[in-house]
Amino acid sequence: MTAQTFIFFFGGFDSVSTATCFLVHEVATKPDVQNKLREEIDHVLRQPTYEAINNGMKYLDAVVNESLKLYPVAGFLDRLRVKEFDLPLATSDGESITLKPGDAV
Ligand SMILES: *[C@@H]1O[C@H](CO)[C@@H](O)[C@H](O)[C@H]1NC(C)=O
């Protein structure tokens with residue numbers, strides 16, 4: 001139960017607050033981005049509809065994506081293979097790689 005609470009806390013709370021901190025930092029240190037973002041938000045808030053807020057903030061969406069790309073909240077996700085799997089060849093002269101059950105990916 002303690003472990004689940006810990007995961008719930010860091011998965012839901014810490015990741016969002018950390019991502020938001022990096023986003024705000026990026027916007028605060030880039031006045032051109034901040035101004036363009038403010039203009040978009042001001043424009044949408046003149047007639048705030050569900051559609052406008054959900055689909056009309058393309059620049060905000062791009063800024064959030066860029067911030068998450070620069071500062072990913074999850075550095076990596078590892079998984080263990082449960083079945084054998086042959087990776088497709090990246091090049092025609094490359095060697096085949098087989099992932100076996102228990103291999104970390
Ligand atoms: C932001 O990322 C989401 C999820 O990958 C994607 O659906 C959306 O198109 C991206 N937005 C922009 C503006 O690139």
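Both counts, for ligands and for their atoms, begin at 1 and track the order of listing.
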A.B. asks: Tell me whether atom 12 (C) of ligand 1 lies less than 4.0 Å from at least one protein heavy-atom position.
C.D. replies: yes
A.B. asks: Can you find a side-chain donor-acceptor pair between T98 and D86 that sits under 3.5 Å?
C.D. replies: yes
A.B. asks: On a heavy-atom basis, I'd like to know which of V63, L60, D61 is closest to atom 8 (C) of ligand 1.
C.D. replies: D61
A.B. asks: Is D103 reaching over with its side chain to a backbone N or O of K100, donor-acceptor style, under 3.5 angstrom?
C.D. replies: yes
A.B. asks: Between K69 and E66, does at least one N-O distance fall below 4.0 Å, as a salt bridge requires?
C.D. replies: yes
A.B. asks: Tell me the protein heavy atom at minimum distance from atom 1 (C) of ligand 1, and give that distance in Å.
C.D. replies: N65 ND2, 1.5 Å
A.B. asks: Hey, is the main chain of V63 close enough, under 3.5 Å, to the side chain of S67 for a donor-acceptor pair?
C.D. replies: no
A.B. asks: Is the shortest side-chain N to carboxylate O distance from K36 to E40 below 4.0 Å?
C.D. replies: no
A.B. asks: Within the protein, is there a heavy atom lying under 4.0 Å from atom 5 (O) of ligand 1?
C.D. replies: no
A.B. asks: What atoms of ligand 1 come closer than 4.0 angstrom to any heavy atom of A62?
C.D. replies: 13 (C)
